[in-house]
Q: 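Below are the structure tokens for one structure; questions will follow.
This chain uses plain numbering: 1 for the first residue, then up along the sequence.
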Amino acid sequence: MNQTTNSILMIRPVAFRMNEQTAVNNYYQKVLDGLSPETVNEKAQKEFDDFVAKLQKVGINVIVVDDTIEPNTPDSIFPNNWISFHQNGDVVLYPMFAENRRAERREDILDILEDEGFQINEIMDYTSAEEDAIFLEGTGSLLLDRENGKAYCALSPRADEELMIEFCEDFELSPVIFEAYQTVNGERKLIYHTNVMMCLGDTFAVICADCIDDKKERKMVLDSLRRDEKEIILITEDQMNNFAGNMLELKGKNDERFLIMSESAYKSLTKKQIGQLEAHVSIIHSSLDTIEACGGGSARCMMAEIFLPRN
């Protein structure tokens, strides 16, 4: 199984704003004072378009789908939470914590991908778990090590342990389960998504190990990465707060490997960390300040990887 792909789905926002329903446990979201909703959306669209252009320039296949005004989906720019696309032709739909995010699920996106030549064999739908207030938010909650058959998951209100184990059984993955925390107003609170504190590349892993407060769990996660011979690049909690954990490795033309991140993530890294990463990949970074502030997510959250087979 390949760990990285050349193709991604991205959703261009039409009414992007801070989502009050997700802010209850996403401590990265902020209200941008003095900016009208229209201005926030315009800024987000410009960041989005600039970001897509940088990816396309290096040969990454970006399939851009425009969001619709109705229904009201302020977080549609983060599609990786509700859908994932797998090498065996499976498409997975996930149960979402925020009610207004459930409306992001669109069947027409599958038609668009089929028109692009991708093959869809089966849809695995876990969304009925929402009725029992059980959630698992896609590759936000799950970090898939496809090559080594593992799934990493930091438990939170948006990542249920039992459902995560069920997913692993369905996809024949070994679960690596732990809890990760961040400091909010002097209190340790669960981090809402695993992909904020950790990134899995082909040959490396970026992780904020300091977030895993339980020493046994921390050792278990790091040992798992070491066994798979990944170079571990540690980041601090401050760097994580600048979205340095929210990165994604993709392939460009001629299978060149790129690590995609935001400008704030890049600026937070030390020269040594950048050197460690550049031994594995070329880095692409783009300003996502508005999207990060209002959405509480960054570069990785904006990209849903497509591993589907081609017709």
Q: Any chance you could measure Q182, atom CD, to C208, atom SG, to the nearest 0.5 Å?
A: 10.0 Å

Q: Checking the side chain of D214 only, and the main-chain atoms of K216 only, is there a donor and an acceptor separated by less than 3.5 Å?
A: yes

Q: Can you measure from CZ (F97) to OG (S156) and round to the nearest 0.5 angstrom?
A: 9.0 Å

Q: Distance check, rounded to the nearest 0.5 Å: L269 atom CG versus I283 atom CD1?
A: 6.5 Å

Q: Do the side chains of L113 and V64 join up, straight or via other hydrophobic residues, at under 4.5 Å, putting them in one cluster?
A: no

Q: Between N121 and Q119, does any side-chain donor sit less than 3.5 Å from a side-chain acceptor?
A: yes

Q: For D228, is there an ion pair with K150 - N to carboxylate O distance below 4.0 angstrom?
A: yes

Q: What verdict does the side-chain contact (heavy atoms from CB on, under 4.5 Å) test give for L93 and M124, after you've listed the backbone C-alpha separation in whole Å, the side-chain angles of each residue and the deciding distance to 0.1 Å?
A: CA-CA 6 Å; L93 302 177; M124 305 276 287; over 6 Å; no

Q: In the single-linkage hydrophobic clustering (I, L, V, M, F, W, Y; side-chain heavy atoms under 4.5 Å), do I165 and V176 co-cluster?
A: no

Q: May I have the step-by-step check of side-chain contact (heavy atoms from CB on, under 4.5 Å) for L190 and L155, ending in yes or no?
A: CA-CA 8 Å; L190 286 169; L155 300 179; 5.9 Å; no

Q: Does the S268 side chain pair with the main chain of A265, one donor and one acceptor, at a distance under 3.5 Å?
A: yes

Q: Is there a donor-acceptor pair closer than 3.5 Å between any side-chain N or O of D160 and the backbone N or O of L136?
A: no

Q: For the side chain of E179 and the backbone of A154, is there at least one donor-acceptor N/O pair under 3.5 Å apart?
A: no

Q: Does I77 belong to the same Ile/Leu/Val/Met/Phe/Trp/Tyr cluster as I60, with side-chain heavy atoms less than 4.5 Å apart forming each link?
A: yes

Q: For the backbone of A159 and the side chain of E137, can you confirm whether one donor and one acceptor N or O come within less than 3.5 Å of each other?
A: no

Q: With a 4.5 Å cut-off on side-chain heavy atoms, are I232 and I207 touching?
A: yes

Q: Tell me, with the steps shown, if V281 and D202 meet side-chain contact (heavy atoms from CB on, under 4.5 Å).
A: CA-CA 10 Å; V281 288; D202 235 340; over 6 Å; no

Q: Ignoring hydrogens and angles, tell me if any N or O in the side chain of T68 forms a donor-acceptor pair with the backbone of E70 under 3.5 Å.
A: yes

Q: Checking side-chain hydrogen bond (donor to acceptor under 3.5 Å, both in side chains) between T203 and each of K230, R257, E249, which is the one that passes?
A: R257

Q: Quick one: closest heavy-atom pair of K57 and K253, and the distance?
A: O-NZ, 3.2 Å

Q: I need the L225 CG to E229 CD distance, nearest 0.5 Å.
A: 12.5 Å

Q: Backbone N or O of M96 within a donor-acceptor pair of the E130 side chain at under 3.5 Å?
A: yes

Q: Is any side-chain heavy atom of V65 closer than 4.5 Å to a side-chain heavy atom of M10?
A: no

Q: Between N195 and N246, is any side-chain donor less than 3.5 angstrom from a side-chain acceptor?
A: yes

Q: For F118, does the six-membered ring have the charged nitrogen or CZ of R310 within the cation-pi criterion, i.e. under 6.0 angstrom from the centroid and within 45° of the normal?
A: yes

Q: Just by distance, with hydrogens left out, do T139 and N80 show a side-chain donor and acceptor under 3.5 Å apart?
A: yes

Q: So, F85 versus F307, ring centres under 6.0 angstrom or not?
A: no

Q: Strictly below 4.0 Å, N to O, side chains only: are D213 and R188 in salt-bridge contact?
A: yes

Q: Can a salt bridge be assigned to the pair D49 and K46 using a cut-off of 4.0 Å between side-chain N and carboxylate O?
A: no

Q: Quick one: list whatever passes side-chain hydrogen bond (donor to acceptor under 3.5 Å, both in side chains) with N81, sequence neighbours left out.
A: R101

Q: Report yes or no: do N148 and D145 form a side-chain donor-acceptor pair below 3.5 Å?
A: yes

Q: How about D125 and T127: does a side-chain donor come under 3.5 Å of a side-chain acceptor?
A: yes

Q: Is any side-chain heavy atom of L200 closer than 4.5 Å to one of Q3?
A: yes

Q: So do V91 and E122 actually touch side chain to side chain, heavy atoms under 4.5 Å?
A: no

Q: For the residue pair A129 and L163, what are the closest heavy atoms and their distance?
A: CB-CD2, 4.0 Å

Q: Below 4.0 angstrom, N of the basic side chain to O of the carboxylate: do K251 and E256 qualify?
A: no

Q: Looking only at non-hydrogen atoms, find the nearest pair between A44 and F16 and report the distance.
A: CB-CD2, 3.5 Å

Q: Are F171 and L308 connected in the hydrophobic side-chain network, where two residues link if heavy atoms are under 4.5 Å apart?
A: no

Q: Enter the distance from I212:CD1 to Y181:OH here, rounded to the nearest 0.5 Å.
A: 11.0 Å

Q: Which atoms form the tightest heavy-atom contact between S141 and T194, and what is the distance?
A: O-OG1, 2.6 Å

Q: Going through the checks in order, is the side-chain contact (heavy atoms from CB on, under 4.5 Å) test met by I191 and C211?
A: CA-CA 8 Å; I191 290 171; C211 295; 3.7 Å; yes

Q: If you define the side chain from C-beta out and look only at heavy atoms, does anything of S298 sit under 4.5 Å from I291?
A: no

Q: So, taking the atom named CD1 in I233 and the one named CD in Q273, what distance separates them when rounded to the nearest 0.5 Å?
A: 8.0 Å

Q: Does T290 reach the main-chain N or O of K43 with its side chain, forming a donor-acceptor pair under 3.5 Å?
A: no

Q: Y94 versus S84: any side-chain heavy-atom pair under 4.5 Å?
A: yes

Q: Is the shortest heavy-atom distance from the side chain of L259 to the side chain of H280 under 4.5 Å?
A: no

Q: Indicate the atoms forming the closest heavy-atom contact of Q87 with N2, along with that distance.
A: OE1-N, 2.9 Å

Q: Please report the closest heavy-atom contact between L110 and I83, naming both atoms and the distance.
A: CD2-CD1, 4.0 Å

Q: Using side-chain hydrogen bond (donor to acceptor under 3.5 Å, both in side chains), reason through S224 and Y152 one step at a time and then give a plain yes or no.
A: CA-CA 10 Å; S224 173; Y152 292 81; 2.6 Å; yes

Q: Does any part of the side chain of W82, heavy atoms only, come nearer than 4.5 Å to the side chain of R105, both counted from C-beta?
A: yes

Q: Is Y192 reachable from M240 through a run of I, L, V, M, F, W or Y residues, each pair having side-chain heavy atoms under 4.5 Å apart?
A: yes

Q: Do Y126 and D170 pair up side chain to side chain, a donor and an acceptor below 3.5 Å, judged on atom types alone?
A: yes

Q: Can you classify the ring geometry of H86 versus F167 as parallel (below 30°), tilted (30 to 60°) or perpendicular (above 60°)?
A: tilted

Q: So, S7 side chain and V62 main chain: donor-acceptor pair closer than 3.5 Å or not?
A: no

Q: Does R146 reach the main-chain N or O of G149 with its side chain, forming a donor-acceptor pair under 3.5 Å?
A: no

Q: Indicate whether the side chain of S264 and that of E292 have a donor and an acceptor atom separated by less than 3.5 Å.
A: yes

Q: Between E263 and K54 (salt bridge meaning N to carboxylate O under 4.0 Å), is one present in this structure?
A: no

